[in-house]
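Residue numbering restarts at 1 for every chain, and letters A, B, ... go by the order of the sequence lines.
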Amino acid sequence: MTAAPSADQIARVRAHLPALLAWYRGRRRDLPWRAAPPDPWAVLLSEIMLQQTTAPVVAARFPDMLARFPTPQAMAEAGEDAVLAAWSGLGYYRRARALFACARAILERHGGRVPDDPQALAALPGVGPYTAAAVAAIAFGRPVVPVDGNVARVLVRLFALGGEPARPSPRLRELAARVARAEDAGDLAQAWIELGALVCRPRRPLCGDCPLEQVCLARARGLEDRLPAPAPRPERRLVHASAFLALADGDLVLLRRRPRGGLLGGLVDLPGVPLAPDAGPEPPPLAVDWRPVPGEVRHVFTHLEMRLRLERAVVDGPETARPAPELPAAGLFWWPIAELAALPLASLTRRLLAHGGIVPPPSGRQASAR
DNA sequence: AACGCGTGGGC
DNA sequence: TGCCCAAGCGT
């Protein structure tokens, strides 16, 4: 099966690190989270946003996020709901709550300054092995190689690790540590990642453009298109349900705060959207005259597909519907449509609202990018 | 260790 | 269109 990486091959790769560094510095992209000198908080914020979210999406949202929360203290003082609202549409919302907890931990444990030690970084909420190494290398020049999916794939090909899944793993991190060197750690960390993102792509790698082509075992053996082996695709469950859109006085909408754990945890949505894949159908939240909205909203999650009908009702009388004074921690509440931008809404919720004729403005972003 | 957790873009 | 995938983490 997979031969262990040889000391010779590691030495060959290390000897080519200057070429990798030169390649990176020659084609460095103008990414909004790369500033000189690096701001450790900005680096940490960007790396958490980049966890499983594509760089173009983060590029579009990072400047507003940093402007809204320029320091750990600013984020800690803004409160969890403000962070969650600013995160609207980015997905994996646990990251937003962990980020808020992370800002508080930086304030309490480290006097408001991002720590430079990988171990201290990894102890922060939402910061795992990759993010800790990335911040340590990029923001502080620590001689570590952060291993993300890109770097894992590059290593599997460079060392022709046929039986190795191309995901960050303790074994690949150990290999990365043996390839690391003390000089230019920040640029080298980014070089490995950029190489995977732009050249050593998942499919059809551009080996002719690769600064490491001459030392790549997969290339030498003609395996560059067959490594890494594709991972099996997990099943995706299909869930049918009905969501309920209740309007009052033309300017209030009935919403619900979801429980903090699980799917879309802590976000605001419409009653009837399943709280979990196996949750049964929910009864209407009000005994009123519901009318089906024609069509269906189909939304695909990583492990779940929802097909949602929408029931709509208009209730009259301000005595039956009063706007909540503030966003509640749980349960149903009425909210002015004009103030939807203040709420942490998932993309699914925006689509349901739009299907019912309500288009909320972007949540939590700066009012204007001008 | 495997699974739960969003979303949007590329092809 | 449907499928693949993305600068992972927590449990």
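Residue contacts for A:Arg29: at a heavy-atom cut-off of 4.0 Å it reaches a base atom on one of the strands shown. Heavy atoms of A:Thr302 sit under 4.0 angstrom from at least one base atom. Within the nucleic acid shown, A:Val300 comes within 4.0 Å of at least one base atom, counting heavy atoms only. Among the atoms of the strands shown, none is found under 4.0 Å from any heavy atom of A:Ile138. Note on A:Trp33: a base of the nucleic acid sits closer than 4.0 angstrom, heavy atoms only. Heavy atoms of A:Pro146 sit nowhere under 4.0 angstrom from any nucleic acid atom. Residue-level contact check: A:Gly196 touches neither bases nor backbone, having no heavy atom under 4.0 Å from any strand. Heavy atoms of A:Ile193 sit under 4.0 angstrom from at least one base atom. Among the protein residues, A:Arg236 comes within range of no part of the nucleic acid, since none of its heavy atoms lies under 4.0 Å from any strand. Among the protein residues, A:Gln190 comes within range of no part of the nucleic acid, since none of its heavy atoms lies under 4.0 Å from any strand.
Mapping A:Pro129 and A:Arg233 onto DNA chain C via the closest heavy atom, the residue that lands nearer the 5' end is A:Arg233. Taking for each of A:Arg204 and A:Leu275 the nucleotide of DNA chain B with the nearest heavy atom, the 5'-most of the two is the partner of A:Leu275.
Taking the side chain of A:Asp148 as heavy atoms from C-beta on, and the options C:dA6, C:dG8, C:dG2, the nearest nucleotide is C:dG8. Nearest nucleotide to the A:Ala346 side chain, out of B:dT7, C:dC5, C:dC9: B:dT7. Comparing B:dT7, C:dG2, C:dA7 by their closest approach to the side chain of A:Arg153 singles out C:dA7.
Distance CD (A:Glu235) to C1' (B:dA2): 15 Å, rounded to an integer number of Å. Rounded to an integer number of Å, the gap from A:Tyr130 OH to C:dA6 P is 13 Å. What separates CZ of A:Arg61 from P of B:dG9 is a distance of 12 Å, to the nearest Å. With rounding to whole Å, A:Leu304 atom CG is found 14 Å from B:dC3 atom C1'. If you measure from atom CG of A:Asp278 to atom C1' of B:dC3, you get 14 Å, rounded to the nearest angstrom. To the nearest angstrom, C1' of B:dT7 lies 12 Å from CG of A:Leu263. As rounded to whole Å, 17 Å separates atom P of B:dG9 from atom CZ of A:Arg203. Between the P atom of B:dG6 and the CE atom of A:Met306 lies a distance of 10 Å, rounded to the nearest Å.
Defined by atom type and a distance below 3.5 Å, a donor-acceptor pair is present between the side-chain atoms of A:Gln190 and A:Arg34.
The phosphate of B:dT7 has OP1 or OP2 within less than 4.0 Å of a side-chain N or O from A:His299. Considering only side-chain N and O atoms, A:His303 lies nowhere under 4.0 angstrom from the phosphate OP1 or OP2 of B:dG4.
Taking OG of A:Ser242 as the start and CD of A:Glu296 as the end, the distance is 9.5 Å to the nearest 0.5 Å. Annotation: the span from A:Thr71 atom OG1 to A:Leu66 atom CG amounts to 9.5 Å, rounded to 0.5 Å. For the atom pair CE (A:Met306) and CG (A:Leu352), the distance works out to 9.5 Å, reported to the nearest 0.5 Å. Taking CD1 from A:Ile10 and CZ from A:Arg178, the interatomic distance works out to 3.5 Å, rounded to the nearest 0.5 Å. Interatomic distance, CD of A:Glu47 versus CG of A:Leu44, reported as 8.5 Å (0.5 Å rounding).
A salt bridge between A:Arg27 and A:Asp209 is absent, with no side-chain N of the basic residue lying under 4.0 Å from a carboxylate O of the acidic one. Salt bridge A:Glu305/A:Arg236: absent, no basic N to carboxylate O contact under 4.0 Å. For the pair A:Asp278 and A:Arg237, the salt-bridge criterion is not met [side-chain N within less than 4.0 Å of a carboxylate O].
Atom name P, nucleotides C:dA7 and B:dC3: the rounded distance is 23 Å, in whole Å. For the C1' atom pair drawn from C:dT11 and B:dT7, the interatomic distance equals 23 Å after rounding to whole Å.
Taken residue by residue, residues 90-109 of chain A places heavy atoms nearer than 4.0 Å to DNA chain B at A:Leu90, A:Gly91, A:Tyr92, A:Tyr93, A:Arg94. Listed by residue number, A:Gln52, A:Thr53 are the residues of residues 34-56 of chain A with a heavy-atom contact under 4.0 Å to DNA chain B.
A:Arg181 contributes a side-chain N or O that, together with a main-chain N or O of A:Glu183, makes up a donor-acceptor pair within less than 3.5 Å.
Aromatic ring centres of A:His303 and A:Phe301: separated by at least 6.0 Å.
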